[in-house]
Every structure is written in C-alpha cells, then in structure tokens.
Amino acid sequence: MNVLFVCTGNTCRSAMAEEMAEDIGDASTMSFKFKSAGTFACAGDPATDEAIEVMDEIELDIEKHKSTQFDKELAQWADIIFAMEAKHIEEMEAMAPEEEAKMHTLLGYATGKEGYPGEEGYDIIDPFKDPIEDYRETRDQLREAIGIVIKKLEQ
C-alpha cells in the first residue's frame, strides 16, 4: 500500500511522519511504501534542524530528507493520502481533484473521521519556527496517530 503524508513545506510534520511510518510499518506484515510532500514546498529543502533533533531523540534519522512538492503524479501514486491539516486537503483538491476520495487528515482518520473533517479539531500542530518543545509535542502527536492509522490500514 502506498501512503503519502502531506503538510505545507515538507520540512517538519510530513517529513517526521514519513520516517515514523517507515519505522512503525517495518513491523507490519503488510507491504507499505511511504512518501511525503508539501502543498507549498521548495523542492530539495532539508528538514528543519529542530525536526532533525527531535527525531534523533527517538533514534530516527531525517537528516538526509529533501522536501518534495505535492503534485498530481504523487496523488495518483498514493493509495491513501494523510494531510496534517484540513486546509491541506483543500489545497490538494485544487491540484488533484480526481484523487479527492483518497484524502484524509491524519488525526481525523485515526479517530474514525474520514475525508474532509471540517475546519477544527483534526490538525497536527505546526511547529515551524516555534520552540523545540513544540516539535516534541508534534512528534509525539504524530507517533500516536500513525500507530493507530497503520493498525487500521492492516485490517
């Protein structure tokens, strides 16, 4: 199963999500492939220093990560797409409207709300340009949601 994680710049949340999913998915009996992208990414940008640091704390390495711009081809590659915020679904729909049925917020899907969940309550915290503590909170929020989602996808 091809799984795509999407945020804004693909330097924090979706980059961390991709690496965590790879780690969690390795223990799965199901064959997963993971990628990440941003709706407004500058292709080739590295992960933020803070994202690299908080991932190192849990022994995961995103130092070699390079950001990727979300596009129609990535949407077609994916079997399911997890956005970090509801607004990312709106942005992706504009770029790949025929793939809308694959798009969910990560938190929404983890709690049983598929598709566009509405404006509030299903966003992963955006730590960009915030203190390192916010990155840790985001990392932990991601890890919990990804664990739930991978179990759901295995069923």
Side-chain angles (χ1 to χ4, degrees), residues 1-48 50-89 91-93 95-96 98-115 117 122-128 135-155:
M1 171 173 278
N2 295 339
V3 180
L4 180 63
F5 296 100
V6 177
C7 67
T8 306
N10 190 216
T11 59
C12 304
R13 294 173 289 178
S14 59
M16 291 192 291
E18 178 184 5
E19 185 63 28
M20 278 187 248
E22 293 265 355
D23 186 57
I24 294 167
D26 280 349
S28 174
T29 55
M30 197 168 165
S31 176
F32 286 107
K33 288 187 177 132
F34 300 101
K35 291 184 180 180
S36 64
T39 55
F40 291 100
C42 291
D45 276 0
T48 64
E50 296 87 351
I52 292 168
E53 182 177 335
V54 300
M55 293 296 281
D56 279 344
E57 292 171 1
I58 59 167
E59 299 180 7
L60 294 176
D61 183 10
I62 62 168
E63 201 162 336
K64 290 183 174 64
H65 173 80
K66 298 290 182 220
S67 62
T68 301
Q69 172 62 41
F70 175 83
D71 61 22
K72 193 175 188 175
E73 289 73 32
L74 268 176
Q76 290 169 339
W77 169 86
D79 295 309
I80 193 161
I81 302 168
F82 292 118
M84 297 298 125
E85 297 179 41
K87 74 172 186 174
H88 296 132
I89 292 177
E91 293 161 357
M92 289 187 296
E93 285 173 348
M95 293 181 252
E98 61 286 339
E99 306 299 331
E100 177 186 353
K102 300 176 183 179
M103 300 173 188
H104 313 273
T105 59
L106 180 63
L107 277 185
Y109 196 88
T111 59
K113 183 130 176 114
E114 296 186 14
Y122 297 100
D123 291 352
I124 297 285
I125 302 157
D126 185 0
F128 188 67
Y135 279 82
R136 287 187 185 106
E137 189 177 346
T138 298
R139 176 199 63 204
D140 296 343
Q141 189 182 29
L142 284 168
R143 188 162 41 175
E144 183 179 344
I146 290 166
I148 293 167
V149 161
I150 287 180
K151 282 186 182 130
K152 284 179 86 168
L153 293 175
E154 288 172 327
Q155 294 172 352

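To the nearest 0.5 angstrom, L142 atom CG is 10.5 Å from E144 atom CD. Between the CD1 atom in I146 and the CD atom in Q141 there is a gap of 10.5 Å [rounded to 0.5 Å]. Rounded to the nearest 0.5 Å, atoms CE (M55) and CZ (R139) are 8.5 Å apart. In this structure, the separation between NE2 on H104 and NZ on K113 is 12.5 Å, given to the nearest 0.5 Å.
Of the options F82, F34, W77, a side-chain contact (heavy atoms from CB on, under 4.5 Å) to L4 is made by W77 and by none of the others. Between R13 and the choices E137, E19, E85, the salt bridge (Lys or Arg N to Asp or Glu O under 4.0 Å) rule is met once, by E85. Evaluated for a side-chain contact (heavy atoms from CB on, under 4.5 Å) with V149, the options I80, L106, I24 yield exactly one hit, L106. Each of D123, L107, I89 was scored for a side-chain contact (heavy atoms from CB on, under 4.5 Å) with P117, with one residue passing: I89.
Atom NZ of K72 has 12 or fewer heavy atoms from other residues, nucleotides or ligands within 6.0 Å. For CD of E63, the number of neighbouring non-hydrogen atoms (other residues, nucleotides, ligands) closer than 6.0 Å is 12 at most. Shown here is E59, whose CD atom has no more than 12 heavy atoms of other residues, nucleotides or ligands within 6.0 Å. Annotation: E154, atom CD; neighbour count of heavy atoms from other residues, nucleotides and ligands within 6.0 Å is above 12.
Among all heavy-atom pairs drawn from F70 and A75, the shortest one is CZ-CB, 3.7 Å.
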> Step by step, would you call T39 with M95 a side chain to side chain contact (heavy atoms under 4.5 Å, CB included)?
Replying inline: CA-CA 9 Å; T39 55; M95 293 181 252; 4.0 Å; yes
> Given C12 and M84, is the side chain to side chain contact (heavy atoms under 4.5 Å, CB included) satisfied, shown in steps?
Replying inline: CA-CA 11 Å; C12 304; M84 297 298 125; over 6 Å; no
> side chain to side chain contact (heavy atoms under 4.5 Å, CB included) between T48 and Y135: does it pass, once the steps are laid out?
Replying inline: CA-CA 10 Å; T48 64; Y135 279 82; 3.3 Å; yes
>> Between E114 and Y109, does the side chain to side chain contact (heavy atoms under 4.5 Å, CB included) criterion hold? Intermediate values first, please.
In response: CA-CA 5 Å; E114 296 186 14; Y109 196 88; 3.8 Å; yes
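The backbone N or O of N10 lies less than 3.5 Å from a partner atom in the side chain of H65, making a donor-acceptor pair. The backbone N or O of D79 lies less than 3.5 Å from no partner atom in the side chain of N2, so there is not a single donor-acceptor pair. In this structure, the side chain of T138 engages the main chain of I125 through a donor-acceptor pair within 3.5 Å. Under the 3.5 Å distance criterion, the side-chain polar atoms of S67 are matched with a main-chain donor or acceptor of C42.
You'll find the side chain of V54 reaches within 4.5 Å of the side chain of M16, heavy atoms only.
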